[in-house]
Amino acid sequence: MSGWINKKRDHGNLLFLDLRDNYGLTQCVIENKDPNFKEIEKLPLEAVVKFNGKVLERSKDTINKDLNTGEIEISIISYEVLGATKELPLPIFSDQEYAEEIRLKYRFLDLRRKKIHQNIILRSKVISFIRSEMERLGFLEFQTPILTSSSPEGARDFLVPSRLNPGKFYALPQAPQQFKQLIMVSGFDKYFQIAPCFRDEDARADRSPGEFYQLDVEMSFVEQQDVFEVIEKLMTSVFKKFSNKKLLYEKFPKITFSEAMLKYGTDKPDLRNPLSISEFTEIFKRDDVSFEIFKNLVKKGAIVRGIITKNTKDKPRSFFDGIDKWAKEQGASGLAYFTIEKDSEIKGKGPVGKFFSSESIREIMKISKAEVGDSIFLACGKTNEVEKILSQARDKIGDELKLINYNSYAFCWIVDYPMFEEDEKTKKIIFSHNPFSMPQGDIKKLDFSKPLEIKAYQYDIVCNGVELSSGAIRNHIPELMYKLFSIAGYDKKLVDEKFSGMINALSYGAPPHGGIAPGIDRIIMLLAGEKNIREVTMFPMNQNAQDLMMGAPSEIDEKLLKELNLSVKKNK
RNA sequence: GGGGGUGUAGCUCAGUUGGUUAGAGCGAUCGCCUGUCACGCGAUAGGUCGAGGGUUCGAGUCCCUUCACUCCCGCCA
């Protein structure tokens, strides 16, 4: 048996060694009467060795139930060192947390550790299963180019200089978006790919810098619902196979974008959380409400929304103040709160309760289905500010009140995204999501004079508050595409120039088509129960997009630069 | 680009109000130990307290600057 020395237990005249390989641990044993004893005793942890020996059944009282191989052990007869080791920069056998820097620099050692080793194995199995499921559903896997052209919309591109075309650059694909549409125009009707995607944007815990993988899917002659059915089938089978956690919905609920923003304050709601947001702005226009701070803000155009918590009348003051304090730490102006009580009359108890008449509280209860004994947290401000803080408050309060079943998965679809939105700074009309999406409604009757009212066949799939993917039914009609691009400030010439391949292809008989591209890394994160994408990525870069193990990015030899017709301008 | 957190031995961490020689566990090295499975026991080595500057009789501890890692905002069609 060959493997790494995981742990030694040296009794002086009797030595146990746990030998580790990809599959687990096996205890090996040797006694001091063996001539090899002294040498084996000195072997360092993590040396790679081959032991020849006898497999022995362990006596009943020495069986280790925690090991798969705990009923046997190997009595060592001879050995060979296959790979020596220096002193280790981090221990392998412990479950302790280590600094990322050292883990990433010695990733090959880190990957020997049990948890991350299992995560990577899980990743392999999930991807393999997805492939076979997609094939079973009739999809074909194709590869698309890695060296392609830069696209004007979307994220920052990674660029690759062209030696043969001095001064020109390839871009790495942000996603195979245009290619998968071209595949549909080419007459293939069900495509998928485990596709590498490259975006030069800043990292987050759930976002690798630079590169990540999508399950890229596209289908022709389909409507939105056809895409949903394929993905629902796939996700339920993947999540059932690789997790024991409960799926709250097998038919994923559909929530419109505007409803999601109102009820949850975000377009990626965690539906494991039963709390929802209600709209109360009108309450603050009543004469029998005297909460002047909010009333004055409402007069200036602010809105008021709030979250009802059920039966929280007995919660200590510290709970409510804690939430208010937390909200201020998040940069909001805080959350006003009171609890609905009743003696002879309905009234509000708490710092701002006295500002509300019985009648106004009755109205609040009607709007939000609140009852006596419930409490209400209120936020006031601009729409996007209120949405943001209440969205966070929903997670925070749900967690504190233990309302969230963390042992479950709640999928949903967010649908009916607007085609356009107004840029906050420039006040220009821009594509709110994907410029290639098909607008909803009768295309001949679309009112292009009110672009902000146009909805798109554009959708997101969300699980446990994690955005897994967005997708769309595509716009396959060139004239309509020119029209939509012109609203976003691209004239025909520019569209022809920037999207020549696409627009040209759509002019030669393009089928209606659509698709989606769920993030593989995030699916694995959800399945592995990890909060950080590096825990499910074999060789990740750090937050500054550096590979500490390989030393990337690095400076480049002058000769190579010259061949590429490039010179580097040094700062300072 | 902005805000927060962290940085002390190879690794994980403790270090009180600024006060004597900066500690523990794991790991390493050496010794003892025949049924452990986080084996046990004893000893030794190992420190620019991230770096630079300042305050002070005295700084791991206080102040300033800076670097690294990380979390968040911006950004991510």
Side-chain angles (χ1 to χ4, degrees), chain A residues 6-19 25-34 37 41-42 44-46 56 58-67 69-70 73 75 85-106 109-110 113 151-157 174-175 177-178 197-210 212 329-331 388 392 417 419-421 423-425 430-437 456 458 460 467 470-472 484-485 488 490 498-499 517 519 531-532 534 541-544 546 548:
Chain A
N6 189 65
K7 196 87 178 85
K8 289 191 291 187
R9 288 175 296 282
D10 189 351
H11 292 235
N13 295 315
L14 173 71
L15 172 66
F16 297 102
L17 303 107
D18 293 332
L19 201 63
L25 299 178
T26 305
Q27 175 166 281
C28 304
V29 62
I30 188 165
E31 292 186 21
N32 67 343
K33 58 192 172 207
D34 189 290
F37 184 84
E41 197 182 25
K42 294 284 168 257
L45 298 187
E46 294 306 310
L56 302 178
R58 294 203 206 177
S59 68
K60 272 215 179 95
D61 55 324
T62 61
I63 286 174
N64 183 350
K65 291 200 182 80
D66 297 332
L67 283 188
T69 59
E73 62 191 7
S75 173
T85 177
K86 300 197 282 190
E87 190 179 339
L88 298 166
L90 75 161
I92 308 300
F93 65 88
S94 100
D95 291 329
Q96 255 178 338
E97 305 269 347
Y98 298 99
E100 292 266 353
E101 199 173 355
I102 199 114
R103 290 183 60 194
L104 294 182
K105 185 169 178 191
Y106 296 95
L109 293 179
D110 191 39
R113 296 167 63 221
S151 62
E153 286 280 321
R156 205 173 288 118
D157 283 317
Q174 296 180 22
Q177 178 64 37
Q178 295 192 56
C197 304
F198 306 90
R199 295 176 191 174
D200 187 4
E201 298 294 352
D202 288 356
R204 288 286 184 279
D206 63 350
R207 202 164 83 201
S208 289
F212 61 98
E329 283 165 6
Q330 307 310 304
K388 189 177 163 202
Q392 291 174 306
Y417 276 83
M419 189 83 215
F420 297 100
E421 63 189 31
D423 188 296
E424 262 187 56
K425 285 175 213 144
I430 55 171
F431 287 109
S432 74
H433 241 72
N434 182 328
F436 304 116
S437 302
Q458 169 86 49
D460 273 14
E467 183 196 317
S470 53
L484 295 170
F485 267 102
Y490 292 79
K498 296 292 182 186
F499 305 101
K531 287 206 165 68
N532 194 300
R534 293 184 296 276
M541 295 197 284
N542 70 8
Q543 195 171 45
N544 295 319
Q546 299 160 340
L548 298 176

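In what follows, every chain begins at residue 1, and chains take the letters A, B, ... in the order their sequences are listed. Quantities reported herein were computed from a predicted structural model and do not represent experimental measurements.
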Roughly how many Å is it from [atom1] in [X] to [atom2] in [N], rounded to a whole number?
X        : N     : atom1 : atom2 : value
A:Asp460 : B:C76 : CG    : P     : 15 Å
A:Leu56  : B:C37 : CG    : P     : 20 Å
A:Glu73  : B:G35 : CD    : C1'   : 8 Å
A:Glu101 : B:U12 : CD    : P     : 10 Å
A:Ile102 : B:G10 : CD1   : P     : 10 Å

Which nucleotide wins on minimum distance to the side chain of [X], given the candidates [options]?
X        : options             : answer
A:Arg58  : B:C37, B:C11, B:U70 : B:C37
A:Arg534 : B:U70, B:C37, B:G10 : B:U70
A:Pro91  : B:U70, B:C11, B:C33 : B:C11
A:Gln543 : B:U36, B:C71, B:A28 : B:C71
A:Glu41  : B:C26, B:C39, B:C33 : B:C33
A:Gln27  : B:C69, B:G10, B:G35 : B:G35
A:Leu45  : B:G10, B:A28, B:C30 : B:A28
A:Asp10  : B:U36, B:C33, B:C37 : B:C33
A:Tyr98  : B:C75, B:C11, B:U70 : B:C11
A:Ala155 : B:C33, B:C75, B:C76 : B:C76

Quick one: label A:Pro435 by what it contacts on the DNA or RNA (base, sugar-phosphate, nothing), any heavy atom closer than 4.0 Å.
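Base contact.
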Taking any heavy-atom pair under 4.0 Å as a contact, classify A:Asn542: base, sugar-phosphate, or nothing.
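If one applies the 4.0 Å heavy-atom cut-off, A:Asn542 turns out to touch the sugar-phosphate alone, with no base involved.
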Under 5.5 Å between ring centres and under 30° between planes: does that hold for A:His11 against the base of B:U36?
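No, the aromatic ring of A:His11 does not stack with the base.
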Position toward the 5' end of RNA chain B (nearest nucleotide), A:Asp18 or A:Glu87:
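Its nearest nucleotide being more 5', the pick is A:Glu87.
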For RNA chain B, whose closest nucleotide is more 5', that of A:Ala205 or that of A:Glu201?
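Per heavy-atom nearest nucleotide, the more 5' residue is A:Ala205.
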Heavy-atom donor-acceptor pair, [X] side-chain to [N] base, under 3.5 Å:
X        : N     : value
A:Arg103 : B:C11 : no
A:Asp202 : B:G74 : yes
A:Glu97  : B:U12 : no
A:Arg207 : B:C75 : yes
A:Arg204 : B:U70 : no

When you compare the side chain of A:Met419 with that of A:Phe431, does any pair of heavy atoms fall below 4.5 Å?
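Yes - at least one pair of side-chain heavy atoms lies under 4.5 Å apart.
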Check whether any side-chain heavy atom of A:Gln27 sits under 4.5 Å from a side-chain heavy atom of A:Thr69, and report yes or no.
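No, their side chains stay 4.5 Å or more apart.
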Return the pairing partner of B:G40 with a 3.5 Å limit on both distances, Watson-Crick or G-U wobble; otherwise return none.
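B:C32 - that is the nucleotide pairing with B:G40, both distances being under 3.5 Å.
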